[in-house]
Amino acid sequence: MNDERRREIDRFFDVYRTLQKKYNLRLHTLFTADSGLIEIWEHRARRRHICKIELPDEIMCYKMATKQLEYYEKQKKEELYVSTDRNLPLLRAVGDGRA
């Protein structure tokens with residue numbers, strides 16, 4: 001159990017630290033004997049919540065938060081791809097209804 005816990009926490013922080021520098025992320029965690037909380041948000045001009053995980057199991061909190069960060073990274077990469085694609089107008093890419 002302890003090895004799994006350590007592995008999940010390490011995996012979470014590997015993903016988080018990489019994205020933290022790139023997207024200016026902030027982290028808040030709170031764990032008690034019977035509950036856990038992980039909140040991550042993007043800190044720019046305004047805060048933007050990336051995820052809020054509240055579960056009774058610490059290991060599951062870290063697993064879910066890691067999955068949310070991986071999904072966030074995927075979405076950011078797709079945004080970058082769409083906004084830099086010269087062949088596809090940005091308005092059409094975000095769905096303005098034009099064919």
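Excluded from the calculations below are hydrogen atoms, water molecules and symmetry mates; all remaining heavy atoms, backbone and side chain alike, are included.
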Are there over 12 heavy-atom neighbours, none belonging to F13, within less than 6.0 Å of that residue's CZ? yes
E70/K74 ion pair, N-O < 4.0 Å: no
Taking NZ, NE, NH1 and NH2 as the nitrogens, is one of them in D3 or R7 under 4.0 Å from a carboxylate oxygen of the other? no
Linking I/L/V/M/F/W/Y whenever their side-chain heavy atoms sit closer than 4.5 Å, directly or via other members, would L25 and V15 fall into one cluster? yes
For E58 against I9, the heavy-atom pair lying closest together: OE2-CD1, 4.0 Å
How many angstroms lie between CZ in R17 and CZ in F12, if you round to the nearest 0.5 Å? 9.0 Å
Would you please test I59 and E4 for side chain to side chain contact (heavy atoms under 4.5 Å, CB included) and show each step? CA-CA 8 Å; I59 295 171; E4 181 186 10; 3.9 Å; yes
Rounded to the nearest 0.5 Å, how far apart are CD1 of I53 and OG1 of T29? 13.0 Å
Looking only at non-hydrogen atoms, find the nearest pair between E42 and Y23 and report the distance. CG-O, 3.4 Å
Which atom pair, heavy atoms only, marks the closest approach of C61 to L37? SG-N, 4.3 Å
Assess whether side chain to side chain contact (heavy atoms under 4.5 Å, CB included) is satisfied between Y62 and R5, documenting all intermediate values. CA-CA 9 Å; Y62 280 108; R5 179 180 174 274; over 6 Å; no
Could you measure the distance from the CZ atom of R26 to the NE2 atom of H43? Nearest 0.5 Å is fine. 5.0 Å
Short question: side chain of Y16, backbone of L27 - any donor-acceptor pair under 3.5 Å? yes
Got K52 and W41 here, is their nearest side-chain heavy-atom distance under 4.5 Å? no
Rounded to the nearest 0.5 angstrom, the CD1-NE2 distance for I38 and H28 is 10.5 Å
L55 CG to M60 CE distance, which is reported to the nearest 0.5 Å: 6.5 Å
Under 3.5 Å, side chain of S35 to main-chain N/O of F31, donor-acceptor pair present? no
Contact summary for R48 and Y72, nearest pair of heavy atoms: NH1-CE1, 4.1 Å
Could you give the distance from CG (D14) to CG (L69), rounded to the nearest 0.5 Å? 11.5 Å
